[in-house]
Amino acid sequence: MRRPKICVVLLLSSGLIYWACDHAPTAPETAGLGYFPLQVGNRWTYSLTYPSGTYWLKHEIVGITTIGAHDYFVFRRTFDLAVQPDTTYYRTDGRGRVFINWQGQDALYIDFNRGVGESWESYGEYIAKINKRNFQSKVPAGRFQNSIEVFFDYPPAIDDELWEVYAPGAGRVEIRGQIGIIQLQSAVVNGVEIN
């Protein structure tokens with residue numbers, strides 16, 4: 001008589017454990033394999049140096065919103081040269097792929113799982129690829145091991161390429177392109193200060 005009750009309890013327990021593991025939210029630091037940390041309160045300060053001076057660009061995750069079938073982290077961006085801040089929406093699938101809500105559509109932004117040289121269609125007609133990985137990047141905020149460089153090309157335009165460098169635990173640390181070089185100066189990521 002006791003045996004069936006124990007089996008039922010064990011069966012129910014294992015079912016709850018399976019459900020909890022399958023439906024648990026992805027930890028922010030692992031959602032983008034650590035390269036795209038998503039947590040409300042994360043913030044980054046970048047510098048963009050022109051011959052005329054240095055300008056500041058700030059990103060901060062200010063909330064979460066639902067658009068269509070997905071929850072997105074809300075990035076507010078402010079820039080010294082811009083009158084108004086703007087907003088961008090990102091999410092991850094918890095398996096190293098980052099999506100952006102681009103003109104109301106869910107679009108693959110970065111796939112950190114791809115090998116060097118592997119490309120994909122990104123947002124807004126950009127073609128992206130992993131340019132290199134497992135190198136040390138150095139910016140004013142520090143040195144970062146196991147960095148990944150992602151290359152974005154916009155085929156309809158000449159000279160509209162971007163190189164973005166991501167570091168685990170820090171996120172985007174550098175952007176290079178026609179506009180110049182943008183580098184991370186400081187950040188607070190998942191409660192940890194980087195500077």
Side-chain angles (χ1 to χ4, degrees), residues 25-50 53-62 64 72-80 86 88-100 107-120 122-123 126-153 160-195:
T26 304
E29 62 275 5
T30 60
L33 300 177
Y35 290 95
F36 209 92
L38 296 174
Q39 182 172 301
V40 175
N42 286 357
R43 60 187 182 274
W44 299 263
T45 300
Y46 300 93
S47 64
L48 170 58
T49 304
Y50 283 119
T54 299
Y55 300 93
W56 300 100
L57 172 66
K58 296 181 181 182
H59 289 189
E60 181 178 5
I61 302 177
V62 296
I64 298 172
Y72 292 89
F73 286 83
V74 180
F75 277 68
R76 183 178 57 214
R77 302 182 306 175
T78 55
F79 188 43
D80 281 352
D86 69 354
T88 308
Y89 306 94
Y90 295 103
R91 71 176 184 87
T92 68
D93 64 358
R95 294 182 210 91
R97 296 188 316 161
V98 179
F99 294 84
I100 185 172
L108 179 61
Y109 181 57
I110 297 174
D111 186 348
F112 287 110
N113 298 302
R114 302 285 175 114
V116 173
E118 286 187 65
S119 63
W120 64 90
S122 192
Y123 72 101
Y126 274 98
I127 303 297
K129 72 175 181 177
I130 300 295
N131 214 32
K132 61 182 177 176
R133 56 171 66 244
N134 299 321
F135 66 98
Q136 182 186 77
S137 58
K138 182 183 174 192
V139 295
R143 294 174 191 255
F144 301 94
Q145 300 297 324
N146 300 315
S147 296
I148 294 177
E149 183 180 82
V150 182
F151 174 71
F152 292 91
D153 184 28
D160 199 9
E161 298 88 14
L162 290 172
W163 290 262
E164 296 186 357
V165 177
Y166 292 84
R172 185 171 24 217
V173 297
E174 185 175 75
I175 303 169
R176 297 184 320 278
Q178 188 177 18
I179 60 169
I181 298 175
I182 298 172
Q183 293 185 318
L184 183 67
Q185 297 290 316
S186 64
V188 175
V189 178
N190 300 342
V192 177
E193 289 190 29
I194 300 169
N195 53 23

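Side-chain atoms are counted along with the backbone in the values below, which use heavy atoms only and exclude waters and symmetry mates.
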- Task: Supply the atom-to-atom distance Gln185 CD to Trp44 CH2, rounded to the nearest 0.5 angstrom.
- Result: 15.5 Å

- Ser47 (side chain) donor-acceptor with Trp56 (main chain) under 3.5 angstrom: no

- Item | Gap separating the CZ atom of Arg76 from the CG atom of Asp86, nearest 0.5 angstrom | 11.0 Å

- CZ-CZ distance between Phe36 and Arg97, expressed to the nearest 0.5 angstrom: 14.5 Å

- Within the distance-only criterion (no hydrogens, no angle test), does the side chain of Arg95 pair as donor or acceptor with the backbone N or O of Asn113 below 3.5 angstrom? no

- Item | Asn42 versus Gly191, closest heavy-atom pair with distance | OD1-N, 4.5 Å

- Message: Is it the case that the side chain of Arg77 and the backbone of Leu57 share a donor-acceptor pair, with hydrogens and angles ignored and the cut-off at 3.5 Å?
- Response: no

- Heavy-atom closest pair, residues Ser186 and Asn195: CB-CB, 3.8 Å

- Task: Considering non-hydrogen atoms only, spot the tightest contact between Ser147 and Phe144 and give its length.
- Result: OG-O, 3.1 Å

- Task: Hey, could you give me the OH/CD1 distance between Tyr72 and Ile64, rounded to the nearest 0.5 Å?
- Result: 13.5 Å

- Could you label the plane-to-plane angle of the Phe75 and His59 rings as parallel, tilted or perpendicular, counting under 30° as parallel and over 60° as perpendicular? perpendicular

- Check whether any side-chain heavy atom of Ile61 sits under 4.5 Å from a side-chain heavy atom of Tyr90, and report yes or no. no

- Message: Are the side chains of Leu48 and Phe79 in contact, using a 4.5 Å heavy-atom criterion?
- Response: yes

- Query: Hey, does the side chain of Asp153 reach the backbone of Ile127 with a donor-acceptor pair shorter than 3.5 angstrom?
  - Reply: no

- Taking atom NZ of Lys129 and atom CZ of Arg114, what is their separation to the nearest 0.5 Å? 13.0 Å

- Task: Please tell me if the side chains of Phe152 and Ile110 come closer than 4.5 Å, counting only heavy atoms from C-beta onward.
- Result: yes

- Query: Where is the tightest heavy-atom contact between Tyr123 and Ile100, given as atom of each residue plus distance?
  - Reply: CB-CG2, 3.7 Å

- Message: Do Val150 and Trp163 have side chains that approach each other closer than 4.5 Å (heavy atoms only, starting at C-beta)?
- Response: no

- Query: Which atoms form the tightest heavy-atom contact between Val116 and Arg133, and what is the distance?
  - Reply: CG2-CG, 3.7 Å

Side-chain donor/acceptor pairs under 3.5 Å, residues 169-176, sequence neighbours excluded:
residue: Arg172; atom: NH1; partner: Tyr109; partner atom: OH; Å: 2.9
residue: Arg172; atom: NH1; partner: Glu164; partner atom: OE1; Å: 3.2
residue: Arg172; atom: NH1; partner: Tyr166; partner atom: OH; Å: 3.2
residue: Glu174; atom: OE1; partner: Arg176; partner atom: NH1; Å: 3.0
residue: Glu174; atom: OE2; partner: Gln183; partner atom: NE2; Å: 2.8
residue: Arg176; atom: NH1; partner: Glu149; partner atom: OE2; Å: 3.4
residue: Arg176; atom: NH2; partner: Glu149; partner atom: OE2; Å: 2.8

- Task: Could you check if a side-chain atom of Trp120 sits within less than 4.5 angstrom of a side-chain atom of Ile130, using non-hydrogen atoms only?
- Result: yes

- Do Tyr35 and Val98 pass the side chain to side chain contact (heavy atoms under 4.5 Å, CB included) test, and can you show the C-alpha distance, the side-chain angles, and the key distance before you say yes or no? CA-CA 10 Å; Tyr35 290 95; Val98 179; over 6 Å; no

- Message: Does atom CD (Glu193) have a neighbourhood of more than 12 heavy atoms from anything else shown, all under 6.0 Å?
- Response: no

- Message: Rounded at 0.5 Å granularity, tell me how far CG in Asp80 sits from OG1 in Thr78.
- Response: 8.0 Å

- Is the closest side-chain heavy-atom distance between Phe112 and Thr92 below 4.5 Å? no

